[in-house]
Amino acid sequence: MAVKQVEKKELRAQVGRCMFGERVVVEREGKRFSARIQHIGVTGVKVVPETMLMEHEGEPGDINGVTVSYDDIREVEVDGTTYRLA
């Protein structure tokens, strides 16, 4: 898998290309966590932290994700390439 260092504008564009389930790395309140995209919105991205997915025993789709700002996203995987904020 290739890793590409990009500026904020390019990272935002790549996040905008994502579909449900794509992996992102989020940094909020000084903590980093990996998550899967649930929904792309105009002002933010709704994600489900991967730790919630591992501990989940219910039906698929019944997890409520958290909305994060595009500015909180530090990395996204799209089509086999990891785009990382420079």
Side-chain angles (χ1 to χ4, degrees):
M1 179 180 300
V3 176
K4 187 174 179 183
Q5 299 286 335
V6 295
E7 298 298 322
K8 190 178 287 192
K9 184 177 179 180
E10 173 68 13
L11 184 66
R12 168 68 168 86
Q14 294 301 328
V15 171
R17 293 181 51 214
C18 288
M19 304 275 288
F20 173 82
E22 300 283 355
R23 184 181 170 278
V24 293
V25 173
V26 177
E27 184 174 319
R28 288 180 81 183
E29 300 170 2
K31 296 180 182 177
R32 280 189 181 217
F33 62 92
S34 60
R36 297 292 175 160
I37 292 177
Q38 194 170 35
H39 174 75
I40 302 287
V42 175
T43 59
V45 180
K46 192 170 187 180
V47 300
V48 177
E50 288 188 328
T51 54
M52 286 177 64
L53 291 171
M54 290 187 292
E55 298 168 2
H56 183 66
E57 295 177 5
E59 293 295 318
D62 67 352
I63 300 176
N64 285 324
V66 295
T67 301
V68 297
S69 165
Y70 284 101
D71 290 338
D72 292 340
I73 297 174
R74 298 292 179 251
E75 183 177 300
V76 62
E77 290 179 12
V78 179
D79 297 329
T81 301
T82 299
Y83 296 89
R84 187 172 291 153
L85 189 61

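Here the structure is a predicted model, which is why all the values come from computation and not from measurement. Numbers for residues simply follow the sequence, beginning at 1.
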Legend entry - Minimum side-chain heavy-atom gap Ile73-Tyr83 below 4.5 Å: no
Legend entry - Rounded distance (nearest 0.5 Å) linking atom OG of Ser34 with atom CD of Glu77: 9.0 Å
Legend entry - Same apolar cluster (I L V M F W Y, side chains within < 4.5 Å links), Val25/Ile37: no
Legend entry - Other cluster members, Phe20 - Ile/Leu/Val/Met/Phe/Trp/Tyr, side-chain contacts below 4.5 Å: none
Legend entry - Sub-4.5 Å side-chain heavy-atom contact between Arg84 and Val3: yes
Inset, instruction - Let me see the working for Glu22 and Arg36 under salt bridge (Lys or Arg N to Asp or Glu O under 4.0 Å), right down to the final yes or no. - result: CA-CA 5 Å; Glu22 300 283 355; Arg36 297 292 175 160; over 6 Å; no
Legend entry - Side-chain heavy-atom pair Thr82, Val76 within 4.5 angstrom cut-off: no
Legend entry - Test item: Val47 and His39 side chains (from C-beta on) under 4.5 Å apart, heavy atoms: no
Inset, instruction - Determine whether Val45 and Val24 make a side-chain contact, defined as any pair of heavy atoms from C-beta on separated by less than 4.5 Å. - result: no
Legend entry - Val78 reachable from Val26 in the ILVMFWY side-chain graph, under 4.5 Å edges: yes
Show the atom names and distances, to 0.1 Å, of all donor-acceptor pairs under 3.5 Å that link a side chain in residues 4-13 to residues at least two apart or in another chain.
{"residue": "Glu10", "atom": "OE2", "partner": "Gln14", "partner atom": "NE2", "Å": "2.8"}

Inset, instruction - Answer whether the closest heavy-atom distance between the side chains of Glu75 and Arg23 falls below 4.5 Å. - result: yes
